[in-house]
Amino acid sequence: MWERTLQDLIRGLRANKADEAKFIAKAVDEIRREVKSDDMELKAGAILKLTYLDMLGYDMTWASFNVVEVMSSSKFHLKSVGYLAAVQSFDQETDVLMLTTNLLKKDLTSTPADIAVTLNGISHIVTPDLGRDLAPELIKMLNHSRPYIRKRAVAALYKTMSKYPDIVPQGVSRLEERLEDSDPSVVAATVNILCELARRNPQDYLPLAPALFHLMTTSTNNWMLIKIIKLFGSLSPHEPRLVKKLQPPITDLISTTSAISLLYECVHTCIIGGMLRGSDGDALARTCVSKLANFIQDTDQNLKYIALLAMVKIVPSHPHLVAEYQDTILASVSDQDISIRMRALDLVTAMVNRQNLQSIVQQVLAHLVTEDSSTMPSAVQSLSQHLIPSTDAKIGVPASQSQSYRLVLSQRILAMCSQDTYDNVTNFEWYLSVLVDLAHVAKVDIGAQIRDQLVDVVGRVRAARRYAVRLMSALLLDESILQNAQDDEGCPEVLWAAAWICGEYCSELTDPQKLLPHLLKPEVARLSYETTAVYITAGMKVFGYWATEIAQQWTDDDLPQVKNVVDMALNQLELFVHSPHLEVQERATDLNAHRPQLHDNSFGEASSSLDPAPEIRFPKSLYLIQPLFSAYQLNPVSVQAQGSVPVPESLDLDTWFVPPPKPDVIEVKKGKKGKGKETNGVKSKHKRKEKKGTEGELLHEDVLTPEESETVEQRIAREQAKAERLARLKDDPYYIMDNKQLGNVGVVDVDDLDSIPVVRLEGLPWIPEPLEPPMPSLRDVPEVSSEPFIIDKDGEMPEGAVLPPLPTTPSPRPSGSSTPVHMASFPAYDVPDSDERTATPTAIKVRSKKKTGTGKKKRAQPV
């Protein structure tokens, strides 16, 4: 009888692509008949075809027992087909695996060829039960006379130890013997297995260190050396003495080997193994950094990536060595591969210190500067780009133009500068200029973070406030950000910070009246309502400060100027008074209500001719606004301020501040008809008298009508009607009843959940989730000072606070170069010099207030 072979099945599949399902169904039916045959050759051929179909995704679990039959064949070529099918189709849940235990033990004592194919099959199909039963035979195979049998036994033993961990101690002791095997392939396989086992519990494999060290110093097999060095990288953190022992041979390998994979593994082991610490590790660290720098300059992208990853781990211990290759690292920030760019940014962020912060930030900021070019690709370039994809002519979006990457660049700049509360910034005037430059060139949604850092820096560093006010006033006069406020690439939140800073520290302005029209111009209404409200408040502060300055130096010639400024402010406020946002309306109305009254009655009284020095006549209302904002100074508050407020000794939070009312006493009196009348203070038809008790309490006494007795028939009828009513309401889900009211009428068992009535509620209204606050809160601002840049890191603490000793803050450092560095992509702001104005307001003492009770009063229940 003619039967199809595997080659015939493959040819049939290729010839019946139009109706493949029908052909395979017919082939499976033939295979089902063939596996039932007594001819082992025919059965093995059917299993081989079925294995091929299983690779295509068709199920063959129904033939598991037939696979075991083929595995038991005495012929090697048939036995190998059975083991191949078992490896392909068996899993941990295959039920026929319990029938293979004796078969596998028998094959392990057969010819070397049968042992080899059996060991290969055990590595794939072993289960915990099989591992327990076959462990003694596998350990015996480690001493087989054939090297390829010993190598396969090592691999099979590893899989068995993974499934049956109880044999790990015995297996490791036997694997240690194989480290001295005469065949290099067996030694390499053993080292590979030990490296995999040591990942879970490295300290259990420390006794193998002498044998592994001997192999490392004598072997020339690079792949085995990679595994040994990787294994030592796992062991050295648990044994410090290994570090000194491994430094000389690993240094020699790094200096002499030409294998890049072995070189990187040596460098990586030195990093994770703690070999770069101490004075002995400095020379090794310099060698590792130089090798990694060569990797970064290599054209292989994989070498660049792993070198950047390794350098990130070296930076914490040897930042000065990595800083020598700063330009090489920064060149990777503009790489075409996004993964390399991100790893380069990680390294740049980690290597920042006080000495290189400015140069690194300027170079990273330069990647955000876009060159406006209107040149379009020619027709030849466009055709070559589409026809020849492998050409070097790349006409696409540069790496730095990706919005997501630009956002990461901007966030990294802010993170580098604000690290440890601006500990690396030595010149805050430079940093303020960088923040303004970043707002112009970022072209991503980073405005809120720039705003928060502007306010935070100005609040914490008093010496930078004067320059910040000049810079922010120049930013408010610039129309570019205000015009692009509605664009996605703009940063309108920076204007929030600019207006807030100019308003809060308006005493640093040289010409406040010139800034006032820009704070109240109609274009401000296009901004968000939060920013618009800050603009109006800043305008009020600026006007109040300017009006006070004018009043202190009043002359008759100042009256027309004051009138013009007031008229201008009133005219521009009309738009904001009618704003659809309540916050904007309120602030505009406040400014309108506190404007100076420039009629004749608002001037001071003229002095008489007998006064030796006549007073200057000026509007008294010029002093109306300034005291509203200058009475107190905003200061940054420490994060531990609230928790450090001492609790007063007289404060008892367990005692009521206001005692709850005493519960009313309910008295029930029966009338003639037997009906109870409640006298708990509720208005009734009967008249009541009040009289004092013996202890001063008010008792209520009802004047009742003559009582009426209830007959037995009436009482039975009333109780029967009550029982029927309770029985009717028992299953009503909308009627809540107390178990005490139920009495004997169907009391609901607590554990009887099925008896609880269930009703489906439909048509319920949708409850929206609470919205997040529209804008995060900003930090407060400390007092005014001058000269050196001193960062207020701790913040203000309440008076009498008790704190544990905090780590000492760094001493004030002198400011660096006072000339800020500006980007060349847009013109620098001209900040005019002005006379210094110093103001030293009195320090503000924060006094804690006694907390009021937050607990709810308990509602008195009637007794």
Side-chain angles (χ1 to χ4, degrees), residues 68 71-72 76 79-80 82-83 86-87 90-92 94 97-212 214-215 219 221 224 227-228 231 234-235:
V68 175
M71 290 171 58
S72 63
F76 175 74
K79 182 184 292 291
S80 61
Y83 275 100
V87 168
F90 285 5
D91 55 21
Q92 299 294 311
T94 303
L97 280 175
M98 65 180 66
L99 305 177
T100 61
T101 303
N102 293 329
L103 172 63
L104 295 174
K105 288 184 177 182
K106 177 182 177 182
D107 288 342
L108 288 176
T109 59
S110 184
T111 62
D114 291 346
I115 294 175
V117 71
T118 303
L119 290 174
N120 182 64
I122 290 175
S123 300
H124 292 83
I125 66 175
V126 64
T127 62
D129 294 335
L130 284 178
R132 181 193 61 229
D133 298 334
L134 299 177
E137 283 75 13
L138 292 176
I139 292 177
K140 291 179 181 178
M141 290 295 105
L142 295 177
N143 295 325
H144 199 275
S145 59
R146 303 292 179 93
Y148 68 90
I149 297 295
R150 297 198 299 270
K151 183 172 61 175
R152 284 174 169 80
V154 169
L157 185 60
Y158 167 69
K159 297 292 291 190
T160 304
M161 288 190 293
S162 300
K163 298 295 183 180
Y164 185 64
D166 292 346
I167 67 166
V168 171
Q170 183 181 3
V172 171
S173 62
R174 299 301 299 272
L175 288 175
E176 184 179 2
E177 299 174 0
R178 293 302 97 204
L179 292 176
E180 301 176 359
D181 197 278
S182 58
D183 188 86
S185 63
V186 178
V187 177
T190 305
V191 170
N192 193 8
I193 296 307
L194 291 175
C195 184
E196 296 298 323
L197 291 173
R199 290 183 178 182
R200 302 174 184 174
N201 298 308
Q203 62 274 10
D204 296 341
Y205 300 89
L206 286 174
L208 304 178
L212 294 172
H214 176 71
L215 288 175
S219 177
N221 186 351
M224 189 172 67
K227 293 295 183 179
I228 293 175
L231 181 56
S234 302
L235 298 180

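Here, residue 1 is the first one in the sequence, and each next residue gets the next number. Below, each value reflects all heavy atoms present in this structure, side chains not excepted, and no hydrogens, waters or symmetry copies.
Contacts of P210 classified as side chain to side chain contact (heavy atoms under 4.5 Å, CB included), with partners at least two apart in sequence or in another chain: none.
Taking every heavy atom of both residues into account, V168 and M161 meet most closely at CA-SD, 3.7 Å. Between A116 and Y148 the shortest heavy-atom distance is CB-CE1, 4.1 Å. Shown here for P136 and D133, the closest heavy-atom pair between the two residues is CD-O, 3.8 Å. Considering every non-hydrogen atom in both A211 and L179, the closest pair reads CB-CD1, 4.0 Å. Closest heavy-atom contact between A156 and S123: CA-OG, 3.4 Å. Heavy-atom minimum distance, V126 versus G131: CG2-N, 3.8 Å.
Looking at heavy atoms from C-beta onward, K163 lies out of side-chain contact with T127 at the 4.5 angstrom threshold. Between N120 and Y83 there is no side-chain heavy-atom pair separated by less than 4.5 Å. Inter-residue side-chain proximity for L134 and I122 is flagged as met; some heavy-atom pair is nearer than 4.5 Å. In this structure, E196 and N192 have side chains that are in contact, with non-hydrogen atoms separated by less than 4.5 Å. Residues Q92 and P128 form a side-chain contact, since some pair of their non-hydrogen atoms from C-beta on lies under 4.5 Å apart. With contacts defined as side-chain heavy-atom distances shorter than 4.5 Å, the pair L130/T100 qualifies.
Atoms CG and CG, on L103 and L97 in that order, are 11.0 Å from each other to the nearest 0.5 Å. Note that the CG atom of D114 and the NZ atom of K79 stand 5.0 Å from one another [nearest 0.5 Å]. The line from CE of M141 to CG of L157 is 12.0 Å long, rounded to the nearest 0.5 Å. Taken to the nearest 0.5 Å, the OG1 atom of T190 stands 8.0 Å off from the CG atom of L142. Annotation: the span from L108 atom CG to H144 atom NE2 amounts to 9.5 Å, rounded to 0.5 Å. Taken from OG in S72 to NZ in K106, the straight-line distance is 8.0 Å, to the nearest 0.5 Å.
Side-chain polar atoms of T94 and D91 form a donor-acceptor pair below 3.5 angstrom.
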Full working for salt bridge (charged side-chain N to carboxylate O under 4.0 Å, His left out) between D183 and K151: CA-CA 9 Å; D183 188 86; K151 183 172 61 175; over 6 Å; no
Verify side chain to side chain contact (heavy atoms under 4.5 Å, CB included) between R174 and N143, making sure each step is shown before the conclusion. CA-CA 9 Å; R174 299 301 299 272; N143 295 325; 2.5 Å; yes
How far apart are the C-alpha atoms of Y205 and L175, what are their side-chain angles, what is the distance that settles it, and do they pass the side chain to side chain contact (heavy atoms under 4.5 Å, CB included) test? CA-CA 11 Å; Y205 300 89; L175 288 175; over 6 Å; no
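More than 12 non-hydrogen atoms from other residues, nucleotides or ligands lie less than 6.0 angstrom from CD of E177.
The residues K140 and E137 are annotated as not salt-bridged, no charged nitrogen and carboxylate oxygen being separated by less than 4.0 angstrom.
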